[in-house]
Structure formats: C-alpha cells, structure tokens
Trainee: 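My structure is below; once you've seen it, I'll send some questions.
So you know, we letter chains A, B, ... as the sequences are listed, proteins then strands, and number each from 1. Side chains included, hydrogens not; waters and symmetry mates left out as well; all remaining heavy atoms used.
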There are 2 protein chains.
Amino acid sequence: MNTEEIPLRDRILETTRHMLFSDGYSSISMRKIANAVGVSATSIYLYFENKDHLVHTLIEESVEDLSVAIEKGAARYDDTIARFEAIIHSYVDFALQNPEKYQVIYMVQSERMARYPKEKFRKARRGYTLLGSVLEQGVKEGHMEVDEPLIAAYSIWAQLHGVISVVLNQRLDSRIDREKFIEESIEHIIQGFFARIKIS
Amino acid sequence: MNTEEIPLRDRILETTRHMLFSDGYSSISMRKIANAVGVSATSIYLYFENKDHLVHTLIEESVEDLSVAIEKGAARYDDTIARFEAIIHSYVDFALQNPEKYQVIYMVQSERMARYPKEKFRKARRGYTLLGSVLEQGVKEGHMEVDEPLIAAYSIWAQLHGVISVVLNQRLDSRIDREKFIEESIEHIIQGFFARIKIS
DNA sequence: ACAGTAGGTTAACAGTGTTAACTTAACGAA
DNA sequence: TTCGTTAAGTTAACACTGTTAACCTACTGT
C-alpha cells in the first residue's frame, strides 16, 4: 500500500480534517476516525493527548497556511495600496479555495477555544499584524485615515470572517447571488478605509 | 416553592440557556440539565423531540428578541439615516447586553444548523430585511449609493456579527481596547456606505 | 541470545442521547 | 364509589462516546 508509507500521525490528521469538514464536529468520534484510518481508537492517543489536542493541531496547521498565503499575496506588490488589497483578497481566496482548512479554524466554538493554548494565539496574529503595518504605512503616505492601525486591522479581520462564514455556512439568503455578495462586501470593507466623510 | 408555579417546559429552557452559555455546548447533557431542573432526563422528551429541538427552540426565542429590539430601535426615528444608524446600534447593544441570548444564536455550528428547519430561517431574516428597506429608502433620498440593498444589508449583518463574535468569544488581542474596537468597527461599517470614492 | 523499546492492541469505566415500558395521580362518567 | 382514560412523570436498557490501564509483539543494539 502507498498509504503505509505516510506516517500514521499525518494520516490521522488528514482523515480528521476531512471528516470534520464533511460530517461536522459532533459526528466524528475517536473510534470513527481510527476506523477510517485503519487502526484502533487508542492509537490516536499515541500521537495526540486527547481529542482537543488533535483538533487544535489541525487549527494550528490551517492558521499557518492561511498566514503564508497572505504573506505571499502581500509580497507580490510594493505599492502600499496594492499590498492592502492583496492581503484582503488573499484572505478571501484562501478561505474559498481551502474551505476545509478555513472552516476548521473557526469550526470550534468559544468553549473549546478557551482550552486552546494561549501562546498559540500569537501565530494566529501574524496575518492581521501584517495588515496593521500596511495600514500604518498607508497613513504615513497619506492614502488612508486610520486612528489605530492595529484596531483597524483587527476590525477588517473580523468583518472578513463574518462575510466568509456566512457564505461557507450556507446561511446566505437564497435570493442573494454568492459571488456578488462576496465582491460587494469586500468592496465595501476596502472603501471604508479610503473615505472618511462626515455625514451631512 | 415558587419555581413549581413555572411550567416545566419554561424551566427547562431557562436552565438550558444558562448552562449553554456558562458551560458551553459540549459540557451540557440531558441528564445534567434535568438534574439542575430537578426532574429525570427523559422528562425533557415530553416537551422537546430531542436535544437539537431543545437548542433550536432556544435559538428561535433569541432571534425573536433580537428582531424586536431592532424594530423598536428603528421605530424611534423618522429620518432615514437616523434609522440606519439606530438599527446597527440596536444590533450591537442587544448583543452586548444579552450575551447569553446572542451567543446562543451563533453558538451552534453549521452542521447542527443544517438540521434547523428551513422555514424558521425566515424569521431570522426580519432584522436585515428591515435594514434592506431602510437602505433602499436611503438610496431614493440620495444619501447613499448602494447597488443591491438586500445584499448590502446582509453584508452589514455579516460584518457586525464578525465584530461582535470576536469580542464575545474573547478572541480580541489583549493589546486592543474593547470599547474602542467596537466603536471604530461600527464607525467603519457605517462610513463605508456614505462614501464611494474610487481609489486614486 | 537477551533486554529494552517503539508502536501498536484489547478490555474496561463512566458518561452520552434516546427509546420502551412502567407508574402514579387526576378527572369525568356510570 | 368505582371504572376507564389521560397526563405527567419515572426506571431500565441500548448503543455509543472519550479516555485509561494493562497487555502484546516485533524490532533494535549489545
């Protein structure tokens, strides 16, 4: 078999990610995962402390990949505004092209995240920290008007996630066209940072 | 006892909502809920088909309350722009003042929501449908520039949820001030609809 | 040839959602 | 008053869950 060559730990991770995405968290169990991999349930505990740890590892992987995608996207441009837009589009593109990985990041609700080791959160910061520094640069160059770049970056992050999760979770109103929704939402989020006109 | 006067069904709902918020979904069980209420686990099945139905009922209640809050907020003003801002602030205020109810709406992840009866989703639409009609009015009066009011409304909805959930789920970067984050995010979301300036 | 170890296994425990069958109290009709 | 019916709850059981402890087994280095 070819799969025998791949380390068991990796096979467990891949199988879990797939099952997590297609069946949902509450449907997966250690026994089912083990069964799909072709080992006994307790073998999973040789590589992961418990179910939480297994899921957290999956999240960490996904966060890493997302961060890399964003950094690559930004690196393609020198111009600050182009970098700003590239980051946002990289985020959205990654989420839409890798729904399994993206969904895993946010699939786990607050309670289970509370058990997520705090130091790991710093890795998750990489993406919007980069965005923050781009915003700062934008302010310096006079293109944007932003009080607190870090807050602004986080705000964009949250807004993007809201848009993406509505799309991926299929909560979108059936009367609304998916692509148009995404496009207009991104446009709106971007636009909000170039114009700061007082309401007349 | 005073609690004996309250119907069992209501006591179950109240207890479940509280436990759901404080302990999280994965920590609650039919037996624990029943124990806290003071009845046997199977008694819950006299009023709810299963655990899903129990949770869905809770969601429905919360959605209803949120909708009412928004409608009340909008009704306080005649001016379109004022109504627009009132809706957004009502949404945020409700979420922050009733975290138990708001969190319950989004606590249940996509998989469990797929089992949520589709006809119930229409009720959930009430809030942003109202927002959509206000946007439409704003376009008519020349205050705003929006292509598709319904899409725009949904986009705002998603963005607001993103911001709120970051705050309530305590995923906020510790360097960032909570109140300032909320304020600036709302400001940004609102501003995006008044100004549509092409990027130079 | 033998001890140690890496990489698995089976058996068991306490807890889960859910169903079926049972009890018990209240009520109206004869 | 006694019967049948119904409502509201109970207990016992089933198949499944995460997790632990004890066991096996094949390969390694000496």
Side-chain angles (χ1 to χ4, degrees), chain A residues 1-59 104 107-109 111-117, chain B residues 1-59 104 107-109 111-117:
Chain A
M1 285 260 203
N2 195 7
T3 59
E4 301 270 334
E5 303 295 325
I6 304 167
L8 181 52
R9 200 190 113 102
D10 293 346
R11 279 155 62 207
I12 292 172
L13 279 175
E14 205 173 335
T15 303
T16 306
R17 167 158 42 226
H18 183 67
M19 292 180 72
L20 197 55
F21 180 75
S22 62
D23 300 338
Y25 184 87
S26 73
S27 299
I28 66 170
S29 76
M30 301 302 256
R31 285 172 179 85
K32 282 183 190 167
I33 294 168
N35 211 49
V37 174
V39 295
S40 78
T42 49
S43 292
I44 300 176
Y45 291 87
L46 296 172
Y47 302 96
F48 305 95
E49 276 180 43
N50 48 37
K51 200 180 176 187
D52 267 2
H53 182 218
L54 172 57
V55 172
H56 288 160
T57 305
L58 233 44
I59 294 176
V104 163
M107 183 163 268
V108 182
Q109 62 275 62
E111 73 186 277
R112 220 177 313 279
M113 279 315 280
R115 293 179 234 140
Y116 189 69
Chain B
M1 284 259 203
N2 197 7
T3 60
E4 300 269 335
E5 302 294 325
I6 304 169
L8 181 53
R9 200 189 113 103
D10 293 346
R11 277 155 62 205
I12 292 172
L13 280 175
E14 205 173 335
T15 303
T16 305
R17 166 159 42 228
H18 184 68
M19 291 179 74
L20 196 55
F21 180 75
S22 63
D23 301 339
Y25 184 87
S26 73
S27 299
I28 65 168
S29 77
M30 299 302 255
R31 285 172 177 82
K32 281 183 191 166
I33 294 168
N35 210 48
V37 174
V39 294
S40 79
T42 50
S43 292
I44 300 176
Y45 290 87
L46 296 172
Y47 301 96
F48 304 96
E49 276 180 42
N50 47 38
K51 200 180 176 185
D52 267 1
H53 182 218
L54 171 58
V55 172
H56 288 161
T57 305
L58 232 45
I59 294 176
V104 163
M107 184 163 267
V108 182
Q109 63 272 63
E111 74 185 276
R112 220 178 311 281
M113 279 316 280
R115 294 180 232 140
Y116 189 68

Trainee: Output all residues satisfying side chain to side chain contact (heavy atoms under 4.5 Å, CB included) with A:Arg31, sequence neighbours left out; order by chain, then residue number.
Mentor: A:Ser29, A:Ala41
Trainee: Which residues pass the ring pair (Phe, Tyr, Trp, His ring centres under 6.0 Å) test with B:Tyr45, sequence neighbours left out?
Mentor: none
Trainee: List the residues meeting side-chain hydrogen bond (donor to acceptor under 3.5 Å, both in side chains) with B:Ser40, not counting sequence neighbours, and say none if there are none.
Mentor: B:Thr42, B:Ser43
Trainee: Verify the contact: side-chain N or O of B:Tyr47 to OP1 or OP2 of D:dG9, cut-off strictly under 4.0 Å; return yes or no.
Mentor: yes
Trainee: Would you say A:Lys51's side chain and A:Met30's backbone share a donor-acceptor pair under 3.5 angstrom?
Mentor: no
Trainee: Whole angstrom is fine here: how far is it from CZ in A:Phe48 over to P in D:dG18?
Mentor: 15 Å
Trainee: Supply the atom-to-atom distance B:Leu58 CG to B:Phe21 CZ, rounded to the nearest 0.5 angstrom.
Mentor: 12.5 Å
Trainee: Please report, rounded to the nearest Å, how far the P atom of D:dG18 is from the CD atom of A:Glu49.
Mentor: 16 Å
Trainee: Could you tell me whether the phosphate oxygens of D:dG18, OP1 or OP2, come under 4.0 Å of any side-chain nitrogen or oxygen in A:Ser29?
Mentor: yes
Trainee: Calculate the interatomic distance between B:Arg9 atom CZ and D:dG9 atom P; express it in whole Å.
Mentor: 13 Å
Trainee: Atom CG of B:Leu54 to atom P of C:dG17: distance rounded to whole Å?
Mentor: 10 Å
Trainee: Quick one: label B:Ile28 by what it contacts on the DNA or RNA (base, sugar-phosphate, nothing), any heavy atom closer than 4.0 Å.
Mentor: sugar-phosphate
Trainee: Kindly point out which of D:dT10, C:dG8, C:dT19 is positioned nearest to the side chain of B:Tyr45?
Mentor: C:dT19
Trainee: Can you measure A:Ile12 atom CD1 to C:dG7 atom P for me and round it to whole angstrom units?
Mentor: 12 Å
Trainee: Among all residues two or more places apart in sequence or in another chain, which pass the side-chain hydrogen bond (donor to acceptor under 3.5 Å, both in side chains) test with A:Thr15?
Mentor: none
Trainee: Mark yes or no for a side-chain to base donor-acceptor pair under 3.5 Å between A:Thr42 and C:dT10, with no hydrogen or angle criteria applied.
Mentor: yes
Trainee: Tell me, please, which residues at least two apart from B:Asn35 pass side chain to side chain contact (heavy atoms under 4.5 Å, CB included).
Mentor: none
Trainee: Taking only heavy atoms on the protein side, list every residue of residues 30-41 of chain A lying under 4.0 Å from any atom of DNA chain D, sorted numerically.
Mentor: A:Met30, A:Arg31, A:Lys32
Trainee: Nearest-Å distance, CD1 (B:Ile6) to P (D:dA8)?
Mentor: 17 Å
Trainee: In whole angstrom, give the distance that lies between atom CG of B:Leu46 and atom P of C:dT23.
Mentor: 17 Å
Trainee: Whole angstroms only, please: what is the CG-P distance between A:Asn50 and C:dA14?
Mentor: 20 Å
